Number of protein chains: 2
Amino acid sequence: MTTTRVDGRLVRGDNTRRAVLRRAVDIASVDGLEGLSIGRLAKELEISKSGLFAHFGSKEELQLATIRAARRIYADAVVQPALAVEPGLGRVWAMTENWLDYSQRRVFPGGCFFAKTSHEFGSRPGAVREMLATVYREWIGLLEQTVAEAVSAGELDADPADLAVELNAYYDAANLASLLRDDHDVIYTQTRQLIRSRLESAATPEAPLPW
Amino acid sequence: MTTTRVDGRLVRGDNTRRAVLRRAVDIASVDGLEGLSIGRLAKELEISKSGLFAHFGSKEELQLATIRAARRIYADAVVQPALAVEPGLGRVWAMTENWLDYSQRRVFPGGCFFAKTSHEFGSRPGAVREMLATVYREWIGLLEQTVAEAVSAGELDADPADLAVELNAYYDAANLASLLRDDHDVIYTQTRQLIRSRLESAATPEAPLPW
DNA sequence: AAACTAATAATACGATCGTTCGGTTAGTTA
DNA sequence: TAACTAACCGAACGATCGTATTATTAGTTT
C-alpha cells in the first residue's frame with residue numbers, strides 16, 4: 001500500500017481526521033460541542049480513543065476543528081450556490097432559499113449547527129465562543145453585503161445592516177420552530193411567505209421579483 | 001424550632017427545594033440542562049449530593065423542575081407586567097419591551113433560559129424536549145392572542161399568527177446577538193427600532209402609538 | 001535491509017458523572 | 001417521653017470524562 005504526502009502530512013492520517021470531523025459535526029449538531037465526547041466519537045468510528053485524541057491534542061482543539069469543518073459544509077450548502085446567482089435581489093432570495101433548505105434538509109441532523117453551538121457557548125468565555133462569534137459576524141456581514149448589492153442595483157430600498165439582521169432572524173426562528181414542532185412543512189412555507197412579504201415591502205417598483 | 005406544613009410537605013424541605021431550583025435555573029442558563037450537574041449544584045449550595053438528589057429522584061426530574069421554575073420567573077418578568085396593560089397595541093409593545101428587558105437585564109445570567117435550553121434539547125427526544133415544546137407553544141400562543149386583541153381593537157391590521165412569529169423572531173435574534181457581540185446597547189436599540197417600524201407598518205391610522 | 005517517522009493502539013490516571021444504600025438528625029404526633 | 005416520619009448526610013457503586021505515557025504498527029527514506 002502506498003501513501004502520498006500533502007503538506008508534509010500522510011494521507012492516511014488526514015483521511016482519519018476527515019472521517020472524525022465528519023462524524024463530529026453531526027454529533028455536535030445534536031448533542032452540542034460539549035456532548036461531543038472523545039470516547040463516544042472513537043467508539044462510533046471504531047478507532048482507539050488515544051489515536052483519535054492524538055489528532056487534536058485537546059478537547060478544545062477538537063471543538064475548534066469541528067467548527068471549522070461545519071463552516072466548510074455550511075459554505076458549500078448555503079453561501080457558494082448563492083454566489084453563483086448574480087448580485088441583486090435574486091441573490092438575496094437565493095441566500096434565503098438556500099438557508100431554509102439547509103435547515104429543512106437537515107444538512108446537520110440536529111438542525112443548524114451554528115444556532116445550536118452558538119447558544120451552547122454564547123455565555124461561556126473562551127476560544128470556542130470567540131470562533132463562533134467570528135463566524136456569526138462573517139455571516140451577518142455577508143448577508144449585509146448581499147443586501148447592499150441589491151440596494152446598489154436599485155432593486156431594494158432598505159438599510160442593509162437592518163435588513164440583514166431581519167433576514168437572519170427569520171431564518172433562525174424557522175430553524176428553532178422546526179426543532180420544537182412537528183409540522184415542518186408549515187413552518188418553512190410560512191417563513192418563506194413572510195420573507196417574500198418583507199422583501200416585497202422593501203423592493204423598488206423596477207425590481208424583478210425572483211419568486 | 002417549629003415548622004409548618006403545606007400540602008403535606010414540611011417547609012424546611014420546600015425551602016431547600018426552592019434554593020436548589022433558584023440556583024439551577026442560573027446554572028442551566030449558562031451551561032445548559034445537561035451541564036447542570038448534581039454534584040456541582042450541591043457543592044455550590046453547600047449541601048450533600050445525596051440530600052439534594054432525594055428531592056428529585058432523577059436527573060431528568062431535576063431538569064423538568066428547573067424548567068418549571070424558569071417558566072415561573074419568565075411569567076413574572078415578561079408576561080404578568082404586560083397583562084397589566086390594557087389589551088391592544090399598547091400591550092403588544094409592553095410584551096416587546098418586557099422581553100427585551102428580560103434578555104438585556106439578564107434575568108438569567110446566560111440570557112434567555114428558553115432559547116438556550118430549547119436549542120440544547122430540541123433534537124433530543126424525551127420528556128425535557130416535550131416540556132420545552134409545550135412552553136414554546138404556550139408562549140407563541142400568548143403572543144398571537146395579544147396581537148389578535150390589538151387587531152380586534154382596530155389598532156393593528158395583520159395576521160396574528162404571522163406577526164407573533166415575526167415578533168418572536170426579533171426577540172430571539174437580539175438575544176443571540178447579545179451572546180456573541182459586545183455592543184449590547186446597539187443590539188437592543190436597533191431591535192427596538194426594527195420592531196417599532198414593523199408595528200407601524202401594521203398599525204391602523206387610528207392606532208395610538210405607545211412609544 | 002536498516003533506520004526513521006507518522007499514525008494508531010493499549011493501558012492507566014484522577015476526576016466527575018448519576019445513582020443507591022444505610023444511617024443520622026430534626027421535628028411532629030401519640 | 002416514645003414512636004414515628006421527613007429531611008438530610010456519608011460513603012460507595014460502576015461508568016465515563018479528558019488526558020498522559022508507553023508501545024506497536026504501517027509506510028517512507030536511505
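Each chain gets a letter, A, B and so on, in the order the sequences are listed, and its residues count up from 1. For the numbers below, each heavy atom of this structure counts, side chains included, while hydrogens, waters and symmetry mates do not. Just so it is clear, the model here is predicted, and its values are computed rather than measured.
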[X] [atom1] to [N] [atom2], straight-line distance once rounded to whole Å:
| X | N | atom1 | atom2 | result |
| --- | --- | --- | --- | --- |
| B/I38 | D/dA11 | CD1 | P | 19 Å |
| A/K59 | C/dA15 | NZ | P | 19 Å |
| B/D14 | D/dT5 | CG | P | 21 Å |
| B/R17 | D/dC8 | CZ | P | 12 Å |
| B/L41 | C/dT19 | CG | C1' | 16 Å |
| B/E60 | C/dG18 | CD | P | 13 Å |
| B/L33 | C/dG18 | CG | C1' | 15 Å |
| A/E34 | C/dT16 | CD | C1' | 13 Å |

(message) A/Q193 vs A/S197, test: side chain to side chain donor-acceptor pair (under 3.5 Å). Steps then yes/no.
(response) CA-CA 6 Å; A/Q193 180 54 49; A/S197 297; 3.3 Å; yes
(request) Describe the nucleic acid contact of A/A54 in one word from base, sugar-phosphate, nothing, applying a heavy-atom distance below 4.0 Å. (result) base
(request) Can you pull out how bent the helix from C/dA1-D/dT30 to C/dA30-D/dT1 is, comparing the axes over its first five and last five pairs, to 10°? (result) 0°
(request) Using a cut-off of strictly less than 4.0 Å between a heavy atom of the residue and any atom of DNA chain C, enumerate the qualifying residues of residues 45-53 of chain B by number. (result) B/K49, B/S50, B/F53
(request) Output yes when a side-chain donor or acceptor of B/K116 lies under 3.5 Å from a complementary backbone atom of B/L33, and no otherwise. (result) no
(request) Determine the sole option in B/Y74, B/F113, B/Y188, B/F114 for which the ring pair (Phe, Tyr, Trp, His ring centres under 6.0 Å) test with B/Y102 is passed. (result) B/Y74
(message) With heavy-atom distances below 4.5 Å as the criterion, would you say the side chains of A/L163 and A/R198 are in contact?
(response) yes
(message) For the CZ atom on B/R71, are there more than 12 heavy atoms of other groups (residues, nucleotides or ligands in this structure) within a distance under 6.0 Å?
(response) no
(message) Please determine whether a side-chain nitrogen or oxygen atom of B/S37 lies at a distance below 4.0 Å from atom OP1 or OP2 of C/dT16.
(response) no
(request) Report yes if at least one side-chain N or O of A/H55 is closer than 4.0 Å to OP1 or OP2 of C/dA6; otherwise report no. (result) no
(request) Decide, yes or no, whether a salt bridge links A/R106 with A/D26 under the criterion of side-chain N to carboxylate O below 4.0 Å. (result) no
(request) List the atom of A/V25, the atom of A/R22, and the distance in Å for their closest heavy-atom pair. (result) CG2-O, 3.1 Å
(request) For B/S123 and A/G110, work out which heavy atoms get closest and say how close. (result) OG-CA, 3.8 Å
(message) Looking only at side-chain N and O atoms, does B/T96 offer a donor or acceptor that is under 3.5 Å from a partner on B/Y170?
(response) no
